[in-house]
Amino acid sequence: MTDLVAQTNEALAAGAPALAACLSPLGRRLAFPPDIPFQAAQARGKAFNATIGQITDGSGRALPLSAIAGGLSGLAEVDRNRALLYAPVEGIAELRERWRAWQRARMPAALVARAPELPSSLPIVVDGLTHGLAIVADLFGADDRPLVVPRPFWGNYRQTFTTRTGSPVLSAPAYVDGRFDPLAWERALAGESASSPAIALVNSPSNPGGYTPNAAERSELLASLLRIADRRPLVVLCDDAYAGLVFDEAPAASIFWDLVAAKHPRLVPVKVDGATKELLYFGGRIGFVTFAVEPGTPAHDAIESKVKCLVRAVVGSPVATSEVLMLQALRDLPTAEAEIAATRELLAGRWRALTAALGATDRALLRPLPCNSGCFSLVELPEELGITAEQVRQHLLAHHDVGIVSIQPRFVRIAFCSVAEAAIPELVRRLELGVRELAAAAKSS
Ligand SMILES: Cc1ncc(COP(=O)(O)O)c(C=O)c1O
């Protein structure tokens, strides 16, 4: 095993030196062990396969309970069988191939024309994007490696990175004077002298902001990330959970591809994406982790070996049933894409309704931040009101039959993705009324 780990690290140092240099102590220790799943994979298709501990009819077919098989009765025999048995640790090969094609079909058009051969790995299947983020945290995070993410950010990053690996969060405001700040990552690192690797998290469309940088901001962000990498090794983790849900002219393609194209010797782009939102499959728990290395290379197999070691150690293997159901959608792309486009239109209608309703509110009470994408909109409460977002949330729950999310210190997040378009004006009316009531009470006390 020590040899295997050394060989894996050597393959990475040779083929993906920037990535090798950013590995955490845990990341360096990882290699997929040549034990049961490894040996079972080698025996797949043999006449006598007595490797893996899954119960079959003796010829590779599952022996399911009728209620469970009945739930999958719409599937072809071969798919039903795959859904009922273990998936490979790295995920079902056809799903990985099809998801890679899905990702690459969404590269920025200008890059496709200029550099169609950009390297991207076969995406490794994980149990939802959260699991993918935790894997990236394990590979690169540690207490001397900051996670750089503008605030407000999705709070679970603290659990996946800081709580689990010790990576401290370095942050700067995502919005300055009501506008998105593409230099926020650089500002968060200002004054940092450390030469250790850092992990910059780029989440667009963002949660909780619902923002995707416009073309000019995107160029500034890209240049800024490259400047950071000039100074220290940098992993850029693209959390593309809400990919595709862009409602204005902002470029919808993941910045992952621009980072790959930049070929910076110290910058390591990593993409985490998946079916949760992109394919509207929240309960399926299918995510993917993708690196900028080409399939068929020793470095590709080495990083895959490390990720598989983590998957095997924590969840064993990803959920086969979900993978097979997702495959059905990817095999019929025209239908899936038409349905996704229809849902995007539905959300665009809610987004327009929310933008209009918030636009008509009193700026002395509510300051909507820029929002052009995703599932959420963020509103800042003016400091001079003297009230907290949590007070607003509690007040709306108790007196106005409204649930929203409060984010410290003075932001409220509205999930317009789950409110009917026709209900949005009334939701905003109650929010404004609640804030007005609380502000008046704060003034008179
Ligand atoms: C920004 C962001 N990243 C990742 C996730 C996690 O996705 P999943 O539900 O697939 O774990 C979410 C879910 O809300 C999210 O908002």
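Numbering of ligands and ligand atoms starts at 1, following listing order.
Applying the side chain to side chain donor-acceptor pair (under 3.5 Å) test to D143 and every residue at least two apart in sequence or in another chain returns nothing. Contacts of E337 classified as salt bridge (Lys or Arg N to Asp or Glu O under 4.0 Å), with partners at least two apart in sequence or in another chain: R106. With sequence neighbours excluded, the residues forming a salt bridge (Lys or Arg N to Asp or Glu O under 4.0 Å) with E186 are R227, R231, listed by chain and number.
Taking a cutoff of 4.0 Å between a charged side-chain nitrogen and a carboxylate oxygen, E192 and R145 do not qualify as a salt bridge. E97 and R100 are not joined by a salt bridge, as no carboxylate oxygen comes within less than 4.0 angstrom of a charged side-chain nitrogen.
To the nearest 0.5 Å, atom CZ of residue F140 and atom CG of residue L23 are 5.5 Å apart.
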For ligand 1, find each of its N or O atoms that sits under 3.5 Å from a protein N or O atom, and tabulate the pairs with distances to one decimal place.
unit_1, atom_1, unit_2, atom_2, d
ligand 1, 3 (N), D239, OD1, 3.3
ligand 1, 3 (N), D239, OD2, 2.6
ligand 1, 9 (O), R285, NH1, 3.1
ligand 1, 10 (O), L129, N, 2.9
ligand 1, 10 (O), T276, OG1, 2.5
ligand 1, 11 (O), L129, N, 3.3
ligand 1, 11 (O), T130, N, 2.9
ligand 1, 11 (O), T130, OG1, 2.6
ligand 1, 11 (O), R285, NH2, 2.8
ligand 1, 14 (O), Y242, OH, 3.4
ligand 1, 14 (O), K277, NZ, 2.9
ligand 1, 16 (O), N207, ND2, 2.7
ligand 1, 16 (O), Y242, OH, 2.6

